[in-house]
Amino acid sequence: MIRLENVTKLYPGSVKALDDVSFSIDKGEFVFIVGGSGSGKTTIIKAIMREIDITSGQLYVEGVDITRIRRSKVHKLRRNLGIVFQDFRLLNNRTVYQNVAFALKITETPRRTIRKTVPMLLSMVGLNKKANMKPSELSGGEQQRIALARALANNPPILIADEPTGNLDPQRSWEMMKLLQEINMKGTTVLVVTHDKEIVDAMKKRVIALRNGRVVKDMKRGDYVHEH
Amino acid sequence: MSIRTFLYSLTQGINNFFKNRLMTIASVTTITASLFVVSMFYCIVVNLNFILEEFEQNIGIAIFFEEDVVENEILTLKNQLEARDEVFEINYISEEDAWKTFKEEYFKGREDLLKGFDNDNPLKGSASLQVLFSDISQQKVLVGLLQEEEIVRFVRESQEVTDIVQNVNSLVTYTSVVLIVILSIISLFIISNTIRLAIAIRKREIRIMRYIGAKSSMVRGPFLVEGIIIGLVGATIPVIVIYFFYDNVIQKISTEFFLLRDFLVFLPVEIIMAQLLPISLIAGVVLGYLGSRVTVGRYLKV
Ligand SMILES: Nc1ncnc2c1ncn2[C@@H]1O[C@H](COP(=O)(O)OP(=O)(O)OP(=O)(O)O)[C@@H](O)[C@H]1O
Ligand SMILES: [Mg+2]
């Protein structure tokens, strides 16, 4: 599904955000990527979705070497990826409903399908009562759930969430994890970036640990790895 | 581009057109002004050409003959000239005709003064051929040929008038071309700027669209549509204005230049519109498309 081979990313100013990173994620897996702030977690996501170009190495998504696809074909890659961004990336001048519908609109989904799908997605993330509110009128956790609903709108084979529990209290965090697990059980490959030690420890899923842009541990049923 | 992308671009483009009100008004106004000037020049050029054509057909040459030339020789030359392409019309004016017109013009009401001339034609030997041209630029060549003819005494030509006519014609045409180029560049510039602003306003939305998998045609489409609409609206307004004010202006010119009214024949508004409307609309669409296309290419690298 996703395979990184010796991926290195140098940001301008020679910041080595990723240093010879290799791992591969199979179809249907649930994987945590953990690591301290600045360890390169978000950079991996940006590389996978081709928001940034990697400096060296190979990166495959669904068998395609994404470093070689042309700009005009990047949308095909991104339609395979549902991404909940660390900063949500919602349209603040549109309603919750419109934000989710937007993802379907731009993939040329028929109106009728959109009208059926959006309420379904909103009730799945528990936001159907707030469909007509603007994201700015909602809490951070709720905004995260809009982002999740939008990420799932086109039924992508891969779901990536960057710090999906970063803004949530423990109870909400667990609800979010349960949701992600349900999605994973339906066959979606799920990749979760997090700081949340408790959750990682409790879930007993595969854990890839990063430090200073390097993979320091990759465990099948792991715990949160401390940096020291 | 798929139908859905097209429809999306269309509605989104129309939305943008109305949302970015200030810039839209500014650019539509500029294009309207530019195309208005261009359209006016078009009207002037077309009418001037029409007037000059009419005029050209009324300025010709007159061929006069040696004393001993008989009517038959003149008529033979007339037939030869008639066969030429550039000759539009040729008339034989005999001595008698000439005298008759002269009498009518200068002795009208004073016929008593003509008593002594009863049987005498004082214009003996003034028979002539009046030649009108369909292509006035050939006049010089023909005059040259005629002066070689033995029977021809002299040719009275109106070369100066012809030259002036042709100079005015080309001056106006060149001016229009230069104006059209300058105003097109201004229009392109303003459309391009409007679209650049529209892109800047939607920068965040565009980025998000790309993140969640929008095709580049879907990201670019609305801006191309917006540019085309600006061009179209900017092109339609001057055509409408000209349609409603054309007759008034013609009327004004005709009364203002009363003395020239015989020369000032104008084309009817319908004929002007038949060409101006499609030309303007196409120009609007092309300017709008090019203006937005260039900007989208430069600022929307998707
Ligand atoms: N656009 C950029 N230009 C230069 N350096 C960058 C850029 N983006 C990130 N970095 C640097 O790359 C390193 C990795 O950043 P990244 O965002 O991947 O960290 P992260 O693990 O997601 O951290 P956090 O947990 O705080 O989100 C950091 O040192 C960061 O300062
Ligand atoms: Mg991050």
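Since the structure is predicted, the reported quantities are computational estimates derived from the model, not experimental observations. Just so we're on the same page: letters track the sequence lines, and every chain starts at 1.
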Under a 4.0 Å N-O cut-off, is there an ion pair linking A:Glu175 with A:Arg172? yes

Looking at A:Glu137 and A:Lys134, is any side-chain nitrogen of the basic one under 4.0 Å from a carboxylate oxygen of the acidic one? no

Sort [X] into side chain, backbone, both or neither according to what part of it lies under 4.5 angstrom from a heavy atom of chain B.
X	answer
A:Arg94	side chain
A:Lys76	neither
A:Pro110	both

Best-contacting candidate, A:Leu90, A:Thr107, A:Leu81, against chain B by heavy atom pairs under 4.5 angstrom: A:Leu90

With chain B, which of A:Lys73, A:Met49, A:Glu51, A:Arg150 has the greatest number of heavy-atom pairs at distances under 4.5 Å? A:Glu51

Let me know which of B:Val239, B:Ile240, B:Val233 forms a side-chain contact (heavy atoms from CB on, under 4.5 Å) with B:Thr236. B:Ile240

Verify whether one side chain among B:Thr295 and B:Ser192 offers a donor that lies under 3.5 Å from an acceptor in the other. yes

Do side-chain atoms of A:Asn6 reach the backbone of A:Ser22 as a donor and acceptor pair under 3.5 angstrom? no

Tell me, for B:Met218 versus chain A, whether the close heavy atoms (under 4.5 Å) come from the side chain, the backbone, both or neither. side chain

